[in-house]
Amino acid sequence: QVRLVESGGGLVQAGGSLRLSCVVFGRQVHWYAMGWFRQAPGKEREFVAAIDDRSRPAYNTDSTQGRFVISRDNARGTVYLQMNSLKLEDTAIYSCALGKTEAIGLSPDEYDFWGQGTQVTVSS
């Protein structure tokens with residue numbers, strides 16, 4: 001059974017940083033892309049960042065604007081999202097996902113398994 005567990009969310013002041021982690025249990029992640037999505041209250045789920053099996057990243061540049069960095073550690077079955085210079089509009093539930101293939105996907109449909117999500121709240 002594949003299970004994804006996120007951690008690292010919390011309350012942070014605007015301008016601060018957080019590092020999200022997502023550990024995958026039940027499957028080796030070497031051959032799969034991994035991604036982060038977020039959903040703010042009243043809004044649709046939004047792609048944030050993804051990383052392919054060779055650790056090549058892709059970002060939603062409109063929303064991350066060079067502030068976020070995605071990385072992975074295959075030996076630990078973990079994907080990270082380093083978030084810097086956080087803004088009020090970054091407040092959302094952040095979820096990680098395991099891709100169906102090795103290629104980066106921008107749509108939730110391209111991911112097989114999801115974590116339960118971790119809340120990120122940015123205050124003024």
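Below, each value reflects all heavy atoms present in this structure, side chains not excepted, and no hydrogens, waters or symmetry copies.
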Considering only residues two or more places apart or on different chains, which pairs with a residue in residues 33-94 satisfy disulfide bond (SG atoms under 2.5 Å apart)? none

All heavy atoms of C96 vs all of L4, minimum pair found to be SG-CD2, 3.6 Å

What do the steps show when you test V48 against N60 for side chain to side chain contact (heavy atoms under 4.5 Å, CB included), and what is the final call? CA-CA 5 Å; V48 177; N60 180 338; 5.6 Å; no

Residues forming a side chain to side chain donor-acceptor pair (under 3.5 Å) with R27, sequence neighbours excluded: none

How many angstroms lie between atom OG of S71 and atom CE of M34, to the nearest 0.5 angstrom? 11.0 Å

Got a sec, which residues hit side chain to side chain donor-acceptor pair (under 3.5 Å) with R45, two or more places apart in sequence or on another chain? none

Which residues share a side chain to side chain donor-acceptor pair (under 3.5 Å) with E6, sequence neighbours left out: Q116

Taking the side chain from T91 and the backbone from V122, do they hold a donor-acceptor pair closer than 3.5 Å? yes

Would you name the heavy atoms of I104 and A58 that are closest together and state the gap between them? CD1-CB, 3.7 Å

Output every pair passing ring pair (Phe, Tyr, Trp, His ring centres under 6.0 Å) with a member in residues 32-54, not counting sequence neighbours, ordered by first then second residue. F37-F47, F37-Y111, F37-W114

Between S63 and E46, which heavy-atom pair has the shortest distance, and what is it? CB-OE2, 3.8 Å

Determine which pairs satisfy side chain to side chain donor-acceptor pair (under 3.5 Å) with at least one residue from residues 92-108, sequence neighbours left out, and list them in order. R38-Y94

Here the salt bridge (Lys or Arg N to Asp or Glu O under 4.0 Å) pairs for residues 48-59, sequence neighbours left out, are D52-R56

Checking side chain to side chain contact (heavy atoms under 4.5 Å, CB included) for the pair I70/R72: CA distance, chi angles, key distance, verdict? CA-CA 7 Å; I70 189 171; R72 64 190 294 162; over 6 Å; no

Starting from V5, walk the hydrophobic network (Ile, Leu, Val, Met, Phe, Trp, Tyr; side-chain heavy atoms closer than 4.5 Å) and list everyone else you reach, by chain and number. V23, F25

Of the non-hydrogen atoms in Q119 and A92, which two are nearest, and what is the gap between them? NE2-O, 3.4 Å

By side-chain contact (heavy atoms from CB on, under 4.5 Å), S7 pairs with (sequence neighbours left out) S21

Listed partners of D112 passing salt bridge (Lys or Arg N to Asp or Glu O under 4.0 Å), at least two apart: none

What's the spacing between S123 OG and L11 CG if we round to 0.5 Å? 4.5 Å

Quick one: side chain to side chain donor-acceptor pair (under 3.5 Å) partners of R67, sequence neighbours excluded? D90

Please name the pair of heavy atoms, one in I93 and one in G117, separated by the smallest distance, quoted to 0.1 Å. CG2-CA, 3.9 Å

Name each donor-acceptor pair under 3.5 Å that joins a side chain in residues 79-87 to protein atoms two or more places apart or in another chain, with its distance.
| from | atom 1 | to | atom 2 | distance (Å) |
| --- | --- | --- | --- | --- |
| Q82 | NE2 | N84 | OD1 | 2.9 |
| N84 | OD1 | S17 | OG | 3.0 |
| K87 | NZ | Q65 | OE1 | 2.6 |

Kindly compute the distance separating OG1 (T78) from CG (L20), expressed to the nearest 0.5 Å. 12.5 Å

Taking all atoms of both residues into account, what is the closest heavy-atom pair of V2 and G26, and its distance? CG2-O, 4.0 Å

Separation of L18 CG from F68 CZ (nearest 0.5 Å): 9.0 Å

Tell me, yes or no, whether the heavy-atom count around E89 atom CD, taken from other residues, nucleotides or ligands under 6.0 Å, exceeds 12. yes

